[in-house]
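Quick notes on the structure that follows.
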Amino acid sequence: MTTTVPPASTGPSAADDDDHEIDLSGATVGEVATEDAASGAPARRLAGAARWGVGLGLAVVIFGGFMLMKGVNPISAYGSMVRSTFSNSDAFGGIFVRATPIMLAALAVSVPARAGLINVGGEGQLIIGAVAATGVSIGVGGSLPGAVTLLLMAVAAMAAGAAWSGIAAVLRLGSGINEAVTTLLLNYVAVDVMLFLIYDKWKDKNGSGQPASAPLPISQRLSLLGTSRVHIGIIVALVAAVVCWLVLRRTSWGFRLSVVGGNPEAARRSGLRVNALVLSAMLVGGALAGLGGLTQLAGAEFKLRPGFVATYGYLGFLASWLGRHRPLHVAGAALVLSAIAIGGDSLQIDSALPGATVNILIALVLLAAFAVQRGTKETS
Amino acid sequence: MSLVLEVLTGAVTGGTAILYAASGETISERAGVVNLGTEGAMLVGALAAYAVAAETGSAWAGVAAAGLAGGLLALVFAWFVIDRKANQLATGLLVLFLALGLTSLFGGSYVGAQVKALKAWPVPLLSRIPWVGQVLFRHDPLTYLSFLLVPAIWWLLFRSRWGVLLRAAGERSEVLSTYGHRVAPLRYLAVVAGGVLGGIGGAHISIAYANAWFENMIQGRGFIAVAVVIFAARQPFRVAAGAWLFGAALALSPALQARGYGINQFALDALPYVLTIVVLVVVGRRGVTEAPEELKKVFETAGG
């Protein structure tokens with residue numbers, strides 16, 4: 001019995017809801033808990049929750065140990081992390097701002113995963129999407145109303161992201177090279193593409209000399225929700241999560257993806273056009289990530305710079321795994337990871353620890369989750 | 001020095017780190033485990049080597065520490081993947097995150113620290129041979145050791161009993177169990193060996209190649225190593241060729257720039273990764289179809 005992810009999702013109805021995915025081989029990326037939720041469930045759920053508690057507790061303690069080694073009081077560090085993240089409205093809003101590209105990058109992993117594909121290229125696809133959007137913004141200039149430009153930017157971003165993941169898909173279909181490796185390598189190429197542009201042709205002449213593209217005009221920025229600094233990108237991301245959930249569950253395309261992911265041989269023999277499905281799954285994934293790049297560009301950063309969306313793609317990958325590639329769970333996981341990442345900012349500011357330190361905590365929490373969620377592979 | 005010579009020499013220098021990491025990953029993949037955390041092993045190795053070398057003044061102590069650090073990280077990875085049966089690719093990335101965080105946390109004080117690097121030691125006589133001497137015999141000791149590592153690993157995998165068991169663990173683990181051998185310890189050993197070598201590869205980068213420490217300095221070389229192992233079909237000699245090929249791509253950039261060629265820096269930066277993809281496509285098919293059975297299961301084919 002595989003325990004499903006974070007406490008919020010336990011409960012018979014939640015387990016039943018998402019268990020319509022086909023799992024023919026039980027050992028695939030597209031695997032999902034198909035065991036029934038009824039037998040001996042309450043006792044097992046308690047044990048599951050206890051395991052979670054221990055796992056997360058260990059993660060917190062181990063990270064505390066590391067902080068202690070650097071002379072930081074873990075209790076006060078954790079305290080200020082929680083305080084500054086949740087009582088400071090700026091930081092709290094920041095959770096949703098940061099979750100937006102991460103969530104979309106996570107969905108970019110979830111959709112291909114349904115077909116058994118492994119998309120580690122979220123980083124690159126986010127960047128390429130933002131690059132394409134910037135290109136449109138620069139090309140259009142002020143000649144169109146802001147909202148229209150923004151729409152064009154979104155289309156361009158999705159197309160570019162899809163193209164980027166499409167390269168990996170084509171390589172897989174043509175040469176059999178696994179997309180995990182190619183998407184990973186393409187991440188680095190995407191960064192170089194962006195750097196090439198912002199150091200040269202797109203460099204902001206009015207900027208401070210730092211390599212960055214010119215900031216988007218106000219009309220092309222995503223509007224904010226109410227009086228907070230949260231932009232509407234989070235709505236886009238959440239809607240995307242729901243759409244993915246619906247499409248994967250209710251459309252024939254989504255169903256066919258599951259079959260391909262469950263047992264490609266059976267899929268082929270039953271006449272499914274596996275190649276087209278593989279390609280389309282990757283394209284959709286890339287498009288989602290490209291959209292994520294746009295939201296970060298037009299909602300938060302407004303310009304390209306070195307370090308733009310750095311690690312967000314990998315965080316998205318991890319969020320998708322945490323959420324077992326089920327879009328709604330994945331959205332939740334993205335929010336959780338984002339919250340921890342925001343907490344990391346406090347580590348930097350309040351406890352004077354280097355910014356990347358929070359990666360330790362993220363890794364430990366996720367490792368705890370992995371240790372608790374037993375894998376379903378029948379061989380090691 | 002001619003451009004070709006410089007690039008070839010640089011190929012060996014720059015390729016050494018990848019060679020170590022890829023050799024380690026070869027062992028791991030032969031046993032059926034793909035470790036994306038190799039990048040992380042290289043990272044902690046780089047820091048461990050630099051830090052210990054800075055503290056003790058001995059570069060070799062640094063190398064030893066690097067192997068230890070890489071091995072420890074790989075042990076963590078191995079436990080999650082072998083014992084808890086977690087997904088190998090995701091866990092590898094997690095281990096990388098762990099390494100990124102740990103090296104950031106503990107590495108800050110070593111940025112800019114002075115370290116006695118591993119100096120180049122020209123091999124007497126051999127280094128005087130025109131061309132070959134320059135390319136092969138004017139390097140640091142770790143690089144020379146890597147020359148010996150390649151045939152050693154080949155022998156280990158294909159001529160030793162341990163190698164047979166290891167490859168069986170990757171191909172037909174049920175057969176092993178039937179004959180009373182336990183698969184898990186073999187895999188643990190293979191993965192940790194991979195981590196140790198990855199750590200040493202990282203050490204080469206920080207105390208021989210770049211002679212510096214800064215955050216995130218591995219720059220994807222660990223991933224390249226994994227890719228090299230795949231397109232070399234896990235054959236040690238081919239892995240070496242692939243590692244040096246990547247080293248050549250890395251060496252191209254400074255060599256061209258020093259000669260005043262106006263090729264864009266970022267195009268050259270991207271070259272190694274593009275080159276790896278191209279080579280994967282051209283020669284990599286075999287690496288996919290001939291992969292150990294256990295490894296194939298990790299990369300679940302869907303239409304491929």
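Each chain gets a letter, A, B and so on, in the order the sequences are listed, and its residues count up from 1.
- Taking CG of A/Asn178 as the start and CG of B/Leu89 as the end, the distance is 7.5 Å to the nearest 0.5 Å.
- In terms of heavy-atom proximity, B/Glu215 sits nearest to A/Ala356 at OE1-CB, 3.8 Å.
- Of the listed residues (A/Ile362, A/Val181, A/Leu318), the greatest number of heavy-atom pairs within a distance under 4.5 Å of chain B belongs to A/Leu318.
- A/Leu277 does not touch chain B: none of its heavy atoms, backbone or side chain, sits under 4.5 Å away.
- Interface residue A/Phe196: backbone and side-chain heavy atoms are both found under 4.5 Å from chain B.
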Table please: side-chain donor-acceptor pairs of residues 263-275 of chain B below 3.5 Å, with sequence neighbours left out.
unit_1, atom_1, unit_2, atom_2, d
B/Asn264, OD1, B/Phe266, N, 2.7
B/Asn264, OD1, B/Ala267, N, 3.1
B/Tyr273, OH, B/Gln219, O, 2.5

- Query: Taking it one step at a time, do A/Ile167 and B/Ile277 satisfy side chain to side chain contact (heavy atoms under 4.5 Å, CB included)?
  - Reply: CA-CA 11 Å; A/Ile167 297 174; B/Ile277 294 178; 5.9 Å; no

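- Of the listed residues (A/Leu364, A/Leu171, A/Val120, A/Thr182), the one with the most heavy-atom contacts under 4.5 Å to chain B is A/Leu171.
- Here the shortest heavy-atom pairing between B/Ser109 and A/Lys70 reads OG-NZ, 4.5 Å.
- In this structure, OG1 in A/Thr357 is found 9.0 Å from CZ in B/Phe106, a value given to the nearest 0.5 Å.
- The CG atom of A/Asn359 sits 6.0 Å away from the CG atom of B/Leu100 when rounded to the nearest 0.5 Å.
- Of all heavy-atom pairs spanning B/Ala86 and A/Phe370, the tightest one is CB-CD2, 3.7 Å.
- Ring geometry for A/Tyr188 against B/Phe223 counts as tilted: the plane angle lies between 30° and 60°, on a 0 to 90° scale.
- With a 4.5 angstrom heavy-atom cutoff, A/Ser320 does not touch chain B via any of its atoms.
- Comparing B/Asn216, B/Val34, B/Leu102 by heavy-atom pairs within less than 4.5 Å of chain A, the highest count is held by B/Leu102.
- Put simply, CG on B/Leu94 and CG on A/Leu366 are 5.0 Å apart, with the number rounded to the nearest 0.5 Å.
- The shortest side-chain heavy-atom distance between B/Leu36 and A/Leu184 falls under the 4.5 Å cut-off.
- In this structure, CD1 in A/Ile118 is found 6.5 Å from CG in B/Asn87, a value given to the nearest 0.5 Å.
- Contacts between A/Leu353 and chain B at a heavy-atom distance below 4.5 Å involve the side chain alone, from C-beta outward.
- Between the CZ atom of B/Phe231 and the CD1 atom of A/Ile177 there is a distance of 10.0 Å, given to the nearest 0.5 Å.
- By the side chain to side chain contact (heavy atoms under 4.5 Å, CB included) test, A/Ser165 is found to be paired with A/Gln125, A/Met282, residues two or more places apart in sequence or in another chain being considered.
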